[in-house]
K.L.:
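The following block contains the structure, expressed as structure tokens.
In what follows, every chain begins at residue 1, and chains take the letters A, B, ... in the order their sequences are listed. Predicted model only: the values in this text are computed from it and were never measured.
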Amino acid sequence: MITVASCSSSLLPSLQSLPGFLFKSRTFFYFHQIQNPQRFCKLFTQKRFHNALLSPQSSVQFPSHPNPDILLSYLISAVSSCSSISYCRAIHSCVIKSFNYTDGFIGDQLVSCYARLGRADDARNMFDEMPNKDLVSWNSLISGFARRGEAVDEGKYIHGFALKLGVLWEVKLVNSLINLYGKSGYLDAVCRLVETMPVGNIVSWNLMIASHAQNGTAADGVGYFNLMRRAGINPDDGTVLSLLEACENLGLLKLAEGVHGLITKCGLYANATVATGLLDLYAKLGRLNYSLKVFREVNNPDKVAWTAMLAGYAVHGNGREAMELFEGMVKAGVEPDHVTFTHLLSACSHSGLVKEGKNYFDIMSQVYGIEPRLDHYSCMVDLLGRSGLLNDAYELIKRMPLKPNSAVWGALFGACRVYGNIELGKEVAERLFSLDPSDSRNYIMLSNMYSAAGLWRDASKVRALMKEKGLTRNPGCSFIEHGNKIHRFSVGDRSHPESEKIYTKLEEVIGKIREAGFVSKTEFILHDVEQAVKEDMISKHSEKLAIAFGLLVTNAGMPIIITKNLRICGDCHSTAKLISLIEKRTIIIRDSKRFHHFAAGICSCGDYW
DNA sequence: TTAGGGTTAG
């Protein structure tokens with residue numbers, strides 16, 4: 001039994017002699033009597049206690065206990081499960097003050113807690129305080145740095161140290177280092193380490209696949225998988241998760257289907273992490289129907305699985321479905337969290353559901369006790385801005401208690417561009433320039449805004465500023481899968497072997513839509529050049545070339561799925577709509593922000609691109 | 001009477 005009592009501070013001395021745990025919130029002191037440690041541990045994972053412990057005024061005191069190690073151990077495991085950095089710090093200082101535990105397993109646990117909470121520096125400080133470090137301490141520290149993903153120097157330091165200590169060939173340590181180097185973009189070091197490694201295990205293989213997937217050589221990662229199979233090693237959940245990551249980076253649906261088959265064959269489908277990873281991948285590859293199929297096959301989907309499906313609906317612009325899914329989630333008794341709400345709000349915004357989005361934003365804090373974060377604010381600004389409520393969006397930014405970041409201002413900037421509000425756009429652009437002076441996208445967008453309004457002089461000033469800062473435009477390119485290969489196109493690209501046919505097809509299709517009365521939206525060209533030249537440039541945009549290629553190589557009735565590295569341009573957007581109508585094709589384009597489904601002359605984004 | 005390290009999905 002745990003008894004929880006709130007009392008005034010005058011009762012404190014008498015309570016402190018009891019075995020229990022004491023903490024104070026802003027107004028009350030609470031005392032927990034520990035008779036059943038397991039329940040005690042569970043208690044700390046409950047949210048109502050987090051709030052008290054999380055408040056800045058809270059402090060933690062330990063009354064006497066027959067075995068303080070046990071008490072601390074419970075506390076620390078509670079810390080790691082409640083993911084609270086302030087609580088972790090409170091325990092840390094208490095450990096130092098009251099018990100002076102700076103080594104042994106208590107120290108290891110704290111290093112691990114900090115590492116798992118992503119606090120590499122705190123983990124490092126704790127680690128440095130410990131006089132006796134064992135392998136577990138080392139591994140905990142490395143995993144903390146790996147999570148941060150920019151720790152090559154620390155990796156080298158630890159690597160050298162481990163060599164000196166003669167513990168490098170502990171497989172878990174090597175794996176930690178592979179992970180650290182891989183996450184830090186240091187693939188060379190990964191390969192060198194593995195070449196000299198006496199013996200690895202399945203985790204080492206999985207990490208090799210993941211390291212390649214994360215560093216732009218996903219095809220080599222798949223190669224490692226084939227080597228692994230030839231070596232007679234059976235894949236596990238970690239293997240397929242690494243492969244799913246490789247699929248995402250290669251963008252190959254065929255490969256994803258192969259991994260899906262592998263998952264089924266190896267009986268890994270029951271693993272919630274694997275199934276969720278698969279459904280997320282299908283959504284990212286434009287196959288929302290496959291995602292839904294996987295989702296329906298998951299037994300008792302958890303919060304993450306529901307949210308992954310919701311995120312799929314959101315990015316494809318299926319707002320109503322997302323809302324229904326959310327209702328289903330609540331009905332199933334699964335508690336949504338801040339990530340769920342981010343995607344739900346984003347779904348509302350991508351579908352223009354203003355009233356609904358506002359309502360979800362309200363109930364998020366009022367019903368679910370989730371305080372809005374920056375992501376939620378940028379969704380709300382996008383939602384309001386998209387429907388033309390630019391002032392409301394701006395007011396929300398002024399009112400928000402957090403310091404707006406570039407995502408929040410960027411959402412408003414996007415709305416300024418769509419609604420041609422140059423005055424506000426200029427102001428917002430200044431904010432973005434000061435927040436992120438080297439992000440060329442903001443300069444391009446402002447310049448485009450001026451160009452669209454015919455303000456050529458202002459547009460060229462922005463371009464000059466870009467040049468002065470040495471910023472270049474990230475070249476746009478589009479990708480399309482065909483015959484187990486990704487075909488890449490850039491503007492005016494003639495490098496494809498089928499180039500002649502592609503241009504002929506493109507001319508034919510554009511001819512058809514011009515006959516239907518369509519005029520190129522040449523305001524999307526940055527430069528102030530002759531109309532004819534503009535039309536020529538814009539007609540060779542990478543997404544148009546990819547569409548023409550898709551029309552050539554796929555059968556009638558098949559959807560054409562294209563990925564673009566930047567936002568789709570307005571002219572390509574209109575062209576894709578008309579092609580979908582004239583050629584009777586579904587065209588799906590994933591740009592850097594969302595999916596556009598073009599069918600029968602309309603786009604799922606409702607023309608707010 | 002209990003706890004720590006390597007891959008791990010939204």
K.L.:
When the distance from CZ of Phe127(A) to C1' of dG4(B) is rounded to whole Å, what number comes out?
P.N.:
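Answer to the nearest Å: 14 Å.
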
K.L.:
Between Arg124(A) and Glu129(A) (salt bridge meaning N to carboxylate O under 4.0 Å), is one present in this structure?
P.N.:
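Salt bridge flag = no for Glu129(A) with Arg124(A).
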
K.L.:
Are a donor atom and an acceptor atom from the side chains of Asn201(A) and Asn175(A) found within less than 3.5 Å of each other?
P.N.:
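Checked: Asn201(A)/Asn175(A) side chains pair up, N/O donor to acceptor below 3.5 Å.
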
K.L.:
Look at the side chain of Asp134(A) against the base of dG5(B) and say whether a donor-acceptor pair falls under 3.5 Å; ignore hydrogens and angles.
P.N.:
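Result: no qualifying N/O pair found.
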
K.L.:
Below 3.5 Å, does any donor atom in the side chain of Ser112(A) face an acceptor in the base of dG4(B), or the other way round?
P.N.:
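Checked by distance alone, the answer is no.
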
K.L.:
Taking only the side-chain heavy atoms of Val203(A) (C-beta and beyond), determine which of dA9(B), dG6(B), dG5(B) contains the nearest atom.
P.N.:
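Within the option list, the nearest is dG6(B).
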
K.L.:
Nearest whole angstrom, please: distance from the P of dG5(B) to the CG of Leu207(A).
P.N.:
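Going from Leu207(A) (CG) to dG5(B) (P), I get 16 Å.
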
K.L.:
Looking at Ser143(A), I'd like to know whether one of its side-chain N or O atoms comes within less than 4.0 Å of OP1 or OP2 on dG6(B).
P.N.:
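The answer is yes; a side-chain N or O of Ser143(A) sits under 4.0 Å from OP1 or OP2.
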
K.L.:
To the nearest angstrom, how far is Trp138(A) atom CH2 from dG6(B) atom C1'?
P.N.:
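To the nearest whole Å, that distance equals 16 Å.
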
K.L.:
Within the pair Lys183(A) and dG6(B), is there a side-chain N or O less than 4.0 Å away from OP1 or OP2?
P.N.:
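So the side-chain polar atoms of Lys183(A) never come under 4.0 Å of the phosphate oxygens OP1 or OP2 of dG6(B).
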
K.L.:
Would one find a side-chain N or O of Asn179(A) under 4.0 angstrom from OP1 or OP2 of dT7(B)?
P.N.:
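For dT7(B), OP1 or OP2 has a side-chain N or O of Asn179(A) closer than 4.0 Å.
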
K.L.:
Tyr290(A) and His260(A): ring-ring contact (aromatic ring centres under 6.0 Å, His included), yes or no, with the steps?
P.N.:
CA-CA 11 Å; Tyr290(A) 291 15; His260(A) 190 165; 8.0 Å; no

K.L.:
Within the 4.0 Å heavy-atom criterion, would you say Ala311(A) contacts the bases, only the backbone, or no part of the nucleic acid?
P.N.:
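Touches sugar-phosphate only.
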
K.L.:
Of all residues at least two apart in sequence or in a different chain, which pass the side chain to side chain donor-acceptor pair (under 3.5 Å) check with Lys564(A)?
P.N.:
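Once residues adjacent in sequence are excluded, the partners of Lys564(A) under the side chain to side chain donor-acceptor pair (under 3.5 Å) criterion are Glu543(A).
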
K.L.:
Any salt bridge between Asp128(A) and Lys133(A), counting N to O under 4.0 Å?
P.N.:
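Between Lys133(A) and Asp128(A) there is no salt bridge, as every charged N stays at least 4.0 Å from the carboxylate O atoms.
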
K.L.:
Which nucleotide, dG6(B), dG10(B), dG5(B), lies nearest any side-chain atom of Leu135(A)?
P.N.:
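Nearest listed nucleotide: dG5(B).
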
K.L.:
Give every residue pair that meets the side-chain hydrogen bond (donor to acceptor under 3.5 Å, both in side chains) criterion with at least one member in residues 247-256 of chain A, sequence neighbours excluded.
P.N.:
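Residue pairs with at least one partner in residues 247-256 of chain A: there are none.
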
K.L.:
So, Thr307(A) and Thr340(A): side-chain donor and acceptor under 3.5 Å apart, yes or no?
P.N.:
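The answer is yes; a qualifying pair exists.
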
K.L.:
Determine whether a donor-acceptor pair (one donor, one acceptor, N or O, separation below 3.5 Å) exists between the side chain of Asn139(A) and the base of dG4(B).
P.N.:
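In this structure, the two groups form no donor-acceptor pair.
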
K.L.:
In residues 251-275 of chain A, what residues come within less than 4.0 Å of DNA chain B, judged by heavy atoms?
P.N.:
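Contacting residues: Ala272(A), Thr273(A).
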
K.L.:
Residues in side chain to side chain donor-acceptor pair (under 3.5 Å) with Tyr224(A), at least two apart?
P.N.:
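In terms of side chain to side chain donor-acceptor pair (under 3.5 Å), with neighbours along the sequence ignored, Tyr224(A) is linked to no residue.
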
K.L.:
Once you apply a heavy-atom cut-off of 4.0 Å, does Thr340(A) come out as touching a base, just sugar-phosphate, or nothing?
P.N.:
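Base contact.
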
K.L.:
Suppose we screen for salt bridge (charged side-chain N to carboxylate O under 4.0 Å, His left out). Which residues come up paired with Asp337(A), at least two apart in sequence or across chains?
P.N.:
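Only Lys303(A) meet the salt bridge (charged side-chain N to carboxylate O under 4.0 Å, His left out) criterion with Asp337(A).
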
K.L.:
Would you mind checking if Lys293(A) and Glu297(A) are paired as a salt bridge, meaning a charged N to carboxylate O distance below 4.0 Å?
P.N.:
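Yes, this pair counts.
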
K.L.:
Please check the phosphate of dG10(B) (OP1 and OP2 only) for any side-chain N or O of Lys284(A) closer than 4.0 Å.
P.N.:
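Answer is yes, contact under 4.0 Å.
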
K.L.:
How long is the line joining CG of Leu345(A) and P of dG10(B), in whole Å?
P.N.:
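Rounded to whole Å, this separation is 19 Å.
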
K.L.:
Any residue in residues 224-237 of chain A with a heavy atom nearer than 4.0 angstrom to DNA chain B? Just list them by number, or reply none.
P.N.:
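Result for residues 224-237 of chain A: none.
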
K.L.:
Specify the separation, in whole Å, of atom CE of Met197(A) and atom P of dG6(B).
P.N.:
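Whole-Å distance recorded here is 15 Å.
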
K.L.:
Given atom CE of Met208(A) and atom P of dT8(B), what is their separation to the nearest angstrom?
P.N.:
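Those two atoms, CE and P, are 15 Å apart.
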
K.L.:
Regarding Lys183(A) and Asn179(A), is there a side-chain donor-to-acceptor distance under 3.5 Å anywhere?
P.N.:
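Lys183(A) vs Asn179(A): donor-acceptor pair found between side chains.
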
K.L.:
Are Arg116(A) and dG4(B) close enough that a side-chain N or O sits under 4.0 Å from OP1 or OP2?
P.N.:
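Arg116(A) to dG4(B) OP1/OP2: no side-chain N or O under 4.0 Å.
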
K.L.:
Can you check the Glu245(A) CD to dT7(B) C1' distance for me, whole Å?
P.N.:
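Rounding to the nearest Å, CD of Glu245(A) and C1' of dT7(B) are 10 Å apart.
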
K.L.:
Kindly say whether, by distance alone, the side chain of Ser204(A) makes a donor-acceptor pair under 3.5 Å with the base of dG6(B)?
P.N.:
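Such a pair does not exist between side chain and base.
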
K.L.:
Separation of Gln214(A) atom CD from dT7(B) atom P, in whole Å?
P.N.:
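My rounded result for the distance is 11 Å.
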
K.L.:
Has the side chain of Asn206(A) got a donor or acceptor atom sitting under 3.5 Å from an opposite partner on the base of dG6(B)?
P.N.:
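There is none.
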
